[in-house]
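Contents: one structure, followed by commentary.
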Amino acid sequence: MNTPRQEMEARVAQAVAKLFSPVPSGPYVRPCPDPRHGDFQTNVALVQGKQSQTNPRELAEKLVETIAWNDIAKPPEIAGPGFINFQLKTEYIAQQIGRRWIDERLGIPVVEKPETLVIDYSAPNIAKEMHVGHLRSTILGDALARLYCFLGHKVIADNHIGDWGTGFGMILFGYKREGDPEKLKQDPFGHLETIYRKIQAKAKADESVREAAKRELVLLQQGDPKSRELWAQFLKYSLDALEQIYQRLGVHFDHTLGESFYNDLLPGVVNDLVRRGIARESEGAIAIFSEGKLPPKDDPFLVSDKESASGFRDNPLLIRKSDGGFNYAATDLATLRYRHEHFRAERVIYVVDGRQQMHFRQIFDAARRWGYDGMKLEHVWFGTILGPDKKPIKTRDGGDVKLKALLAEAEERAGKIIVEKRPELSNSEQASLARIVGLGALKYADLAQNRNLDYVFNWEKLLAFDGNTAPYLQNAYVRVRAIFRKAGEQTVKDAFLKVQALAKLEPSRPAIFLSERVELELGRKLLDFADSLLLAAGEYRPHYLCLYLFELATVFHKFYEACPVLIPDEAVRNSRLVLCDLTARTLAQGLNLLGINVVEQM
RNA sequence: GCUCCCAUAGCUUAACGGAUAAAGCAACGGUCUUCUAAACCGUAGAGUGUUGGUUCGAUUCCAACUGGGAGCGCCA
């Protein structure tokens with residue numbers, strides 16, 4: 001079913017098409033930035049007035065006559081230079097509440113044309129333990145996967161792990177000399193990382209170590225059985241350890257097709273690109289250069305250069321090194337082809353750090369030239385996580401925060417507060433609450449902010465339980481559950497049956513009362529859920545959903561203060577129970593799409 | 001040198017080209033015999049880095065500049 005916004009949009013669009021030619025482009029309707037003006041507004045009269053040199057207020061009057069507002073809105077008001085403000089009728093809101101409430105999907109329709117999309121996220125390196133730097137991609141990608149799935153798309157969550165490449169030469173070299181199978185089994189990342197660091201330090205000082213590591217890599221890539229066997233062991237133990245983290249995070253993948261999976265395809269990919277004239281040999285390497293068809297400013301394979309005669313110089317993308325090894329660009333292109341051919345992906349979403357923008361611009365353009373121009377390719381980038389010194393948390397100097405430790409501390413901090421607030425709960429209940437609340441707070445702190453911004457990693461901030469945070473939303477849910485517990489199962493059941501019967505049999509008779517101002521405000525807000533989902537999905541920005549849920553929870557808390565639910569007046573009580581129920585389910589559903597659970601009490 | 005990103009209240013952020021720029025945190029002052037005070041109510045606090053431009057209208061679009069960050073053939 002349509003949201004009020006979509007309903008208004010359709011009606012205004014109809015009137016616009018009837019009155020104006022050429023038709024100005026939409027969307028025409030948006031929520032009023034200031035609720036005092038109304039629920040929705042359109043400024044199409046201003047736009048059209050300018051284009052046709054007519055008085056916008058006159059156009060606005062014509063529009064008001066033509067728009068079919070009567071059944072859902074009060075008489076529109078023309079304001080200022082020609083805004084038209086709409087205010088929804090209370091009866092319409094009440095009726096829409098009822099329709100959403102009886103629907104399992106809360107009135108959110110499934111998309112008409114489901115798309116097959118691959119979402120590429122998390123992508124840790126299996127030689128290193130997951131750290132804070134993997135957090136954003138993992139939870140952002142997971143949220144997007146859940147969101148698109150709920151909207152009805154066919155989502156393929158693919159973890160493109162770094163299980164191949166140069167680092168493994170060092171590790172193999174080191175492991176063959178001082179590896180310990182027992183330690184590997186116990187703590188794969190810890191053991192591999194220790195080895196990696198040691199060898200790296202040695203390699204810095206000793207040329208022969210570097211050479212030896214390179215030879216190891218070549219052996220591995222050529223398929224040397226001993227090396228492959230060791231590598232397979234690293235992979236197995238590392239994947240098991242990764243899986244533990246993902247389970248704890250509640251993150252799911254449909255596939256884990258890492259870099260190694262594409263290894264055998266790389267020569268074919270590079271040959272194909274060369275044969276088609278997209279890539280060519282250069283200084284012993286093979287690289288993709290500009291095809292000269294784009295405006296130089298927009299060409300990712302050119303950068304400006306005052307020294308050069310044309311004003312631009314090449315900015316190639318290397319796909320094969322001069323020593324015959326393949327760069328990750330080759331892997332990315334092979335992956336893209338596989339996703340097209342095997343998954344029939346119509347869209348691929350890369351949830352990857354913003355530092356790789358140039359790389360993806362080049363990959364996407366190369367893919368287009370290669371013939372994969374039917375696929376939508378999106379680099380959903382995010383900012384860097386900074387340390388307290390406002391510099392990126394580095395992975396090599398040992399200063400990185402392990403994800404495991406991060407999760408443990410989130411739980412521990414949440415646990416302290418829970419023990420304090422709910423001393424009467426059992427230890428296991430407290431522990432389970434701590435897990436859900438701590439993890440929720442951790443995820444939400446990241447999801448609630450614009451992904452493009454860098455942020456300074458800070459325990460207090462990540463785990464603050466005030467303001468726009470997961471616990472605040474979880475608490476709104478908890479308050480509803482408390483009301484239902486107090487009312488008793490039977491009372492709630494009876495109330496719901498009565499309201500349902502009224503809604504079905506006599507749609508004209510009100511079953512939902514929105515007589516208090518906060519009730520109306522809550523009812524109004526409840527209808528906007530779908531708008532926030534579509535906005536969040538369309539822009540790949542879950543923070544729009546967070547913002548909506550925060551606003552919903554805020555209105556609900558106000559409602560909770562002002563409108564006692566369990567009162568003698570049965571009709572009002574039933575109506576409020578329904579408002580509570582729809583609020584709780586909307587919060588639970590919204591949080592679920594963010595990968596966050598709710599609790600019965602906290 | 002080139003390219004990209006960022007700049008809004010003390011701090012962290014929001015604002016889908018529009019009306020008097022919105023929240024949270026921190027600060028200050030109130031509210032628990034009544035469904036969980038991880039809550040609510042109130043006070044104070046910015047004119048959006050600078051300079052121009054486009055527009056009836058710019059935090060939003062464009063240009064230049066300043067400051068911060070990142071990336072820029074043979075790591076991923």
Side-chain angles (χ1 to χ4, degrees), chain A residues 27 30-34 36-37 41 43 46-47 49-50 56 79-83 85 123 125 162 164-167 259 282-287 297 300 302-307 312-323 325-329 331-332 353-359 361 381 383-384 386 390-392 417-418 421-422 437 445 448-450 452-456 458 460-461 464-469 471-472 474-476 478-487 531 535 538-539 543-544 547 550-551 553-554 557-558 560-567 576 580 601-602:
Chain A
R30 51 167 230 144
C32 283
D34 187 338
R36 279 174 299 187
H37 295 127
Q41 70 171 215
N43 61 355
L46 290 168
V47 175
K50 190 200 158 201
F83 296 108
N85 292 320
N125 194 312
W164 204 245
T166 317
E259 290 165 350
S282 166
E283 295 171 33
I286 294 182
K297 252 195 103 175
L302 292 177
V303 290
S304 46
D305 179 6
K306 281 172 195 154
E307 309 285 306
F312 292 91
R313 68 183 146 81
D314 286 321
N315 181 39
L317 175 69
L318 260 66
I319 56 176
R320 205 182 78 184
K321 299 185 278 186
S322 52
D323 69 2
F326 297 96
N327 300 72
Y328 84 131
T331 313
D332 277 356
D353 195 299
R355 282 176 290 196
Q356 297 200 34
Q357 284 181 97
M358 174 66 90
H359 171 72
R361 279 181 60 211
W381 63 271
T384 311
L386 308 174
K390 303 219 171 181
K391 286 184 179 162
I417 296 176
I418 286 156
K421 301 243 179 196
R422 306 265 91 160
V437 173
Q449 101 171 29
N450 182 340
N452 293 145
L453 297 168
D454 290 351
Y455 79 65
V456 176
N458 174 307
E460 273 66 40
K461 205 204 150 182
F465 297 155
D466 302 309
N468 184 9
T469 63
Y472 181 82
Q474 287 166 326
N475 187 43
V478 159
R479 286 181 137 184
V480 172
R481 304 310 302 166
I483 292 171
F484 284 10
R485 268 198 307 276
K486 178 159 185 198
D531 290 337
L535 191 61
E539 310 245 321
H543 86 271
Y544 286 123
L547 188 64
F550 176 59
E551 285 169 358
T554 303
H557 282 304
K558 283 204 259 183
Y560 182 91
E561 298 287 333
C563 301
V565 175
L566 303 177
I567 52 172
R576 287 182 180 169
C580 283
Q601 55 174 323
M602 63 192 282

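Each chain gets a letter, A, B and so on, in the order its sequence line appears, and its residues count up from 1.
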For the CG atom of A:Asn475 and the CD atom of A:Gln601, what is their distance to the nearest 0.5 Å?
12.0 Å

Report, one pair per line, the protein and nucleotides 24-32 of chain B atoms (nitrogen or oxygen only) whose separation is under 3.5 Å.
none

Length of the CZ-P vector between A:Arg320 and B:C75, whole Å
14 Å

RNA chain B nearest-nucleotide lookup for A:His37 and A:Gln601: closer to the 5′ end is A:His37

Against the side chain of A:His543, the closest entry in B:C74, B:A15, B:U36 is B:A15

Between B:G10 and B:A44, how far apart are the two P atoms, rounded to whole Å?
16 Å

Taking syn as within 90° of 0 and anti otherwise, name the glycosidic form of B:C32.
syn

A:Ile483 has its side chain closest, among B:A39, B:C35, B:U36, to B:C35

Taking the side chain as C-beta and beyond, is there a heavy-atom pair between A:Glu283 and A:Ser322 under 4.5 Å?
no

Side-chain N or O of A:Lys321 versus OP1/OP2 of B:C75: is the shortest distance under 4.0 Å?
yes

Syn or anti conformation of B:G47, syn meaning chi within 90° of 0
syn

Atom NE2 of A:His359 to atom C1' of B:A76: distance rounded to whole Å?
9 Å

Report which part of the nucleic acid A:Ile418 touches: base, sugar-phosphate, or nothing (heavy-atom distance under 4.0 Å, all strands).
base

Does either side chain, that of A:Gln356 or that of A:Trp381, offer a donor lying less than 3.5 Å from an acceptor on the other one?
no

With ring centroids as reference points, do A:Phe465 and A:Tyr472 lie under 6.0 angstrom apart?
no

Both A:Val565 and A:Thr384 contact RNA chain B. Which one's nearest nucleotide lies toward the 5' end?
A:Val565

What contact category does A:Asn85 fall into here, base, sugar-phosphate, or nothing, at under 4.0 angstrom with non-hydrogen atoms?
base

Counting N and O atoms only, with roles assigned by atom type, does the side chain of A:Asp353 sit under 3.5 Å from a partner on the main chain of A:Thr384, one being a donor and the other an acceptor?
no

Distance check needed: B:C35 P versus A:Arg479 CZ, whole Å only.
10 Å

Quick check for you: among B:U36, B:U55, B:C74, whose closest atom lies nearest to any side-chain atom of A:Lys50?
B:U55

Please tell me if A:Tyr328 has a side-chain N or O lying less than 4.0 Å from either OP1 or OP2 of B:G73.
no

Over all strands shown, is A:Asp34 touching base, sugar-phosphate only, or nothing at heavy-atom distances under 4.0 angstrom?
nothing

Considering only side-chain heavy atoms of A:Ala79, which listed nucleotide, B:A14, B:A19, B:A38, is closest?
B:A19

At under 4.0 Å, does any side-chain N or O of A:Ser304 touch on OP1 or OP2 of B:U3?
yes

Sequence neighbours left out, what passes ring-ring contact (aromatic ring centres under 6.0 Å, His included) with A:His359? Give chain and number order.
A:Tyr328

B:U36 P sits how many Å from A:His557 NE2, rounded?
13 Å

A:Asn475 CG - B:C40 C1' separation (whole Å)
12 Å

Considering every strand and a 4.0 Å limit on heavy-atom distances, what is the contact class for A:Val303: base, sugar-phosphate, or nothing?
sugar-phosphate

Please work out whether B:G69 sits syn or anti, treating a glycosidic angle within 90° of 0 as syn.
anti

Could you give the distance from CG (A:Asp34) to CG (A:Asn85), rounded to the nearest 0.5 Å?
9.5 Å

Base, sugar-phosphate, or nothing: which does A:Arg313 touch, judged by heavy atoms less than 4.0 Å apart?
base

Given B:A39, is OP1 or OP2 found less than 4.0 Å from the side-chain N or O atoms of A:Lys558?
no

Applying side-chain hydrogen bond (donor to acceptor under 3.5 Å, both in side chains), can you list everything that pairs with A:Arg422, at least two apart in sequence or on another chain?
none

Dump every N/O contact between nucleotides 16-18 of chain B and the protein below 3.5 Å, one line per pair.
from, atom 1, to, atom 2, distance (Å)
B:C16, O2, A:Arg5, NH1, 3.4
B:C16, O2, A:Arg5, NH2, 2.7
B:C16, N3, A:Arg5, NH1, 3.1
B:G18, N7, A:Asn43, ND2, 2.1

For atom CG of A:Leu317 and atom P of B:G71, their distance in whole Å
17 Å

Classify A:Ser282 by what it touches in the nucleic acid, base, sugar-phosphate, or nothing, heavy-atom distance under 4.0 Å.
base

Taking any heavy-atom pair under 4.0 Å as a contact, classify A:Phe312: base, sugar-phosphate, or nothing.
nothing

Check every strand shown and say whether A:Glu259 touches a base, only sugar-phosphate, or nothing at a heavy-atom separation below 4.0 Å.
sugar-phosphate

For A:Ala448, answer base if it contacts any base atom (sugar-phosphate contacts may also be present), sugar-phosphate if it contacts only those atoms, and nothing otherwise; contact means non-hydrogen atoms under 4.0 Å.
nothing

Could you tell me whether A:Phe465 contacts a base, only the sugar-phosphate backbone, or nothing, with contacts defined as non-hydrogen atoms closer than 4.0 Å?
base

Could you summarise the pairing of RNA chain B as dot-bracket text, marking Watson-Crick and G-U pairs under 3.5 Å with ( ) or [ ] inside the strand and | across strands?
(((((((..((((....[...)))).(((((.......))))).....(((((..]....))))))))))))....

Whole-Å gap separating C1' (B:A37) and CD1 (A:Ile417):
14 Å

Counting primed atoms, P, OP1 and OP2 as sugar-phosphate and everything else as base, the B/S/- map of nucleotides 4-12 of chain B against protein heavy atoms under 4.0 Å is SSS-----S

Under 4.0 Å, heavy atoms only, any strand: does A:Asn450 hit a base, just the sugar-phosphate, or nothing?
sugar-phosphate

Give one of base, sugar-phosphate or nothing for A:Asn315, where a contact means two heavy atoms less than 4.0 Å apart.
sugar-phosphate

Round to a whole Å and report the spacing from NZ of A:Lys306 to P of B:G1.
8 Å

